[in-house]
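One structure below.
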Amino acid sequence: MKWTETYIPTLREDPTEAEIVSHRLLVRAGFIRKLAAGVYNYLPLMQRVLLKISRIVREEMNRAGAQEILMPVLQPAELWQTSNRWETVGKELMKMKDRHLRDLVLGGTHEEVVTFLVRGEIRSYRQLPLNLYQIQNKFRDEIRPRFGLMRSREFLMKDAYSFDANEESFKISYKKMIDAYFGIFKRCGLDTKMVESDTGAMGGKAAHEFMVIVNTDGGENIIFFCDNCDYAANIEKATSIEPAAQEKAGSRNRLQKIPTPQMKTVEEVTGFLNVPASKLVKTILYTADGKTLAALIRGDRQINETKLKNILKSINLEMADPLTVQKITGAEVGYAGPVGLKGVKLIGDKELLLMTDFVTGANEDNYHLINVNLERDFELDLVEDIRNASPGELCPQCHKDRLKTAKGIEVGNTFMLGTKYSRALNATFIDEDGQEKFLIMGSYGVGITRTAQAAVERFHDSSGIIWPVPIAPFSVEVLPVNIQDEKQREAAFEIYNGLKDNKLEVLLDDRNEHAGVKFNDGDLIGIPLKLIIGDKNLKDNKIELKTRCNNETILVDRGEVQEEVTKVLRKLDKK
Ligand code: ATP
Ligand code: MG
């Protein structure tokens, strides 16, 4: 392809709307343009990347025995009402009405549709296992679309669905998908870490996510992992071994009310009382599906709202508003405490069982209690793990090493759905023993557009993108320093045509631009190899070959460009 015939609108300046580096680079390098919040145009360079990722995904899915289909984006609301996800997915479902005022959904995932599809068609265990997949635009009304293609409202996804007759067979199907996922991302040039994750509105028994580890702001997920064993989990799911009790159980000190004027935060109160944050218990009021409750946790810990939501089996969980706090505690936000608190359930984190003589709010403006003790001063209605794990705590699996954290981008997700959807939609089959049973299902997603941007977030430098060879929009860029120069022009076209004849994907920068502009744009769009054709080297019949990933330069004989390019690309691909 010639640059002058391709639509590559690069920008000199960073776009103001972009918060993270990969988003900035994709806009600046002319890969994407925004249409509306979370809705993007994919320009020619981007489309080439997406097609390459899609091709890798197809090859690996087909290899794993899955079959490609294409399901409708437009879905009747009844299906979602039947599975109860009309409520549980709630506002994230992209809903619309047709001319007859019937409710419709623009698909954000296809468990309902695929289950409806196979229902009645799969009749016997002999037709199982089965795995169907598609690559399609998905729609989700994300509460906060952001970071370009990372969290958009319309995006490209590969979604696969497996059907099995029994658990043993399902395990094999699930493992095949996990192996395929490692293969897909590896072939895209991305190392991934598989972590345990929460099942969320998808439901089912268990789930895993595939994370690209980045240490940038683009890593939306925090993951915990152990170096000694293979434990790895999303913060939503991660647990840890409780530390030993802070002090030996013994006689408790006398409960006292202490003035803490204008002190509301943990830092203010513990600073004022001169105790560590771990000696305070925070009381946080939540509203779960309209009902208020109090969650109690050690002062230096964070509430894990996913765990809390799962324990409460609630659909909507949010912090109670100040008015509700005032009504329930009789005080402003900042002074809530469990002692004497009436009318709400108290849910305490397990760690509270290890604490004695702690500080809490007094349910009165400007006062806290000290020397509060469980049982003596108040009772908990429920004791559960409702906190985030902390780095440095013991691994819950091997109990040997300390947990570490990293930031990750979730590029893929696998769910053990069990019979949730087959039961809801009554999708059964007749098993070997003649019994009618529900299909056992799994679902498996890869965000194609998110994977593309994750590669940019992972591989870039101050000059631009550094595409991994297998998903780069072009493999080689031919850059004549001065296209007006007849000799350079001739050499550039000769090399360009030769590489094309060799089935290589080449971009020829045939623009009549200053060399500096072409070099900068070349670095920005991130093609793995550059062939630079300049006056001086050409006189010696040489061409400069430069790799984008490490800026290594070698001089190659004009007649040996083909072989050399193939050799270097192969080497880069293996990295
Ligand atoms: P997240 O936790 O990031 O919201 P999810 O659990 O909702 O993701 P899935 O329903 O499992 O995601 O979707 C499968 C894949 O689709 C994800 O792993 C991710 O790569 C991609 N994906 C999900 N939501 C979006 C989005 N809003 N924009 C772009 N890609 C997305
Ligand atoms: Mg989501």
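Quick note: numbers below take in every heavy atom, side chains included, and nothing from hydrogens, waters or symmetry partners. For this chain, numbers begin at 1 and follow the sequence in order. Read the numbers this way: they start at 1 and go in the same order the structure lists the ligands and their atoms. Because the structure is a prediction, the values reported are computed rather than measured.
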*asked:* Under 4.0 Å between a side-chain nitrogen and a carboxylate oxygen: does that hold for Lys171 and Glu168?
replied: no
_I'd like to know if Lys237 and Glu196 make a salt bridge, using a cut-off of under 4.0 Å between side-chain N and carboxylate O._
no
Mark up the atoms of ligand 1 that fall under 4.0 Å of a heavy atom belonging to [X], in ascending order.
X: Arg140; result: 5 (P), 7 (O), 9 (P), 10 (O), 12 (O), 13 (O), 23 (C), 24 (N)
X: Gly412; result: 18 (O)
X: Phe415; result: 11 (O)
X: Glu142; result: 24 (N), 26 (C), 27 (N)
X: Val411; result: 18 (O), 20 (O)

Residue and atom name of the nearest protein heavy atom (relative to [atom]), distance in Å to one decimal:
atom: atom 18 (O) of ligand 1; value: Glu410 OE2, 2.6 Å
atom: atom 6 (O) of ligand 1; value: Asn413 ND2, 3.1 Å
atom: atom 14 (C) of ligand 1; value: Met157 CE, 3.7 Å
atom: atom 22 (N) of ligand 1; value: Phe155 CE1, 3.5 Å
atom: atom 19 (C) of ligand 1; value: Arg450 NH1, 3.5 Å
atom: atom 15 (C) of ligand 1; value: Gly447 N, 3.8 Å

*What's the verdict on salt bridge (charged side-chain N to carboxylate O under 4.0 Å, His left out) for Asp141 and Lys91, showing C-alpha distance, side-chain angles and the deciding distance?*
CA-CA 7 Å; Asp141 205 352; Lys91 289 186 175 159; over 6 Å; no
*Who gets closest to atom 29 (C) of ligand 1 by heavy atom: Lys138, Glu111, Met150, Arg144?*
Met150
_Please state which option from Ser197, Ser152, Gly38, Gly148 has its nearest heavy atom closest to atom 28 (N) of ligand 1._
Ser152
For ligand 1, which is the ligand I care about here, please tell me if [X] has any N or O atom under 3.5 Å from one of the ligand's N or O atoms.
X: Met202; answer: no
X: Glu220; answer: no
X: Thr449; answer: no

*asked:* With side-chain contact (heavy atoms from CB on, under 4.5 Å) as the criterion, how do Tyr42 and Leu149 come out once you've worked through the C-alpha distance, each side chain's angles and the decisive distance to 0.1 Å?
replied: CA-CA 10 Å; Tyr42 311 135; Leu149 309 186; 3.8 Å; yes
Just to be sure I read this right, does ligand 1 sit under 4.0 Å from the backbone of [X], its side chain, both, or neither, counting only heavy atoms?
X: Arg151; result: both
X: Phe210; result: neither
X: Leu149; result: backbone

Take the angle between the ring planes of [X] and [Y] and call it parallel below 30°, perpendicular above 60°, tilted in between.
X: Phe170; Y: Tyr174; result: tilted
X: Tyr40; Y: His23; result: perpendicular
X: Phe182; Y: Phe210; result: perpendicular

*Quick one: CD on Glu92 to OG1 on Thr88, what's the gap to the nearest 0.5 Å?*
10.5 Å
*Assess the side chains of Ser169 and Asn166: does a donor N or O sit below 3.5 Å from an acceptor N or O?*
no
_Cation over ring face, Arg48 and Phe474, 6.0 Å, 45°_ = yes
*Evaluate the criterion side-chain contact (heavy atoms from CB on, under 4.5 Å) for residue pair Glu393 and Ile241; output intermediate values, then yes/no.*
CA-CA 7 Å; Glu393 287 190 292; Ile241 298 297; over 6 Å; no
*Look at ligand 1 and say whether Thr109 reaches it with a heavy atom at a distance under 4.0 Å.*
no
_Could you check whether any side-chain heavy atom of Met46 comes within less than 4.5 Å of a side-chain heavy atom of Thr449, counting everything from C-beta outward?_
no
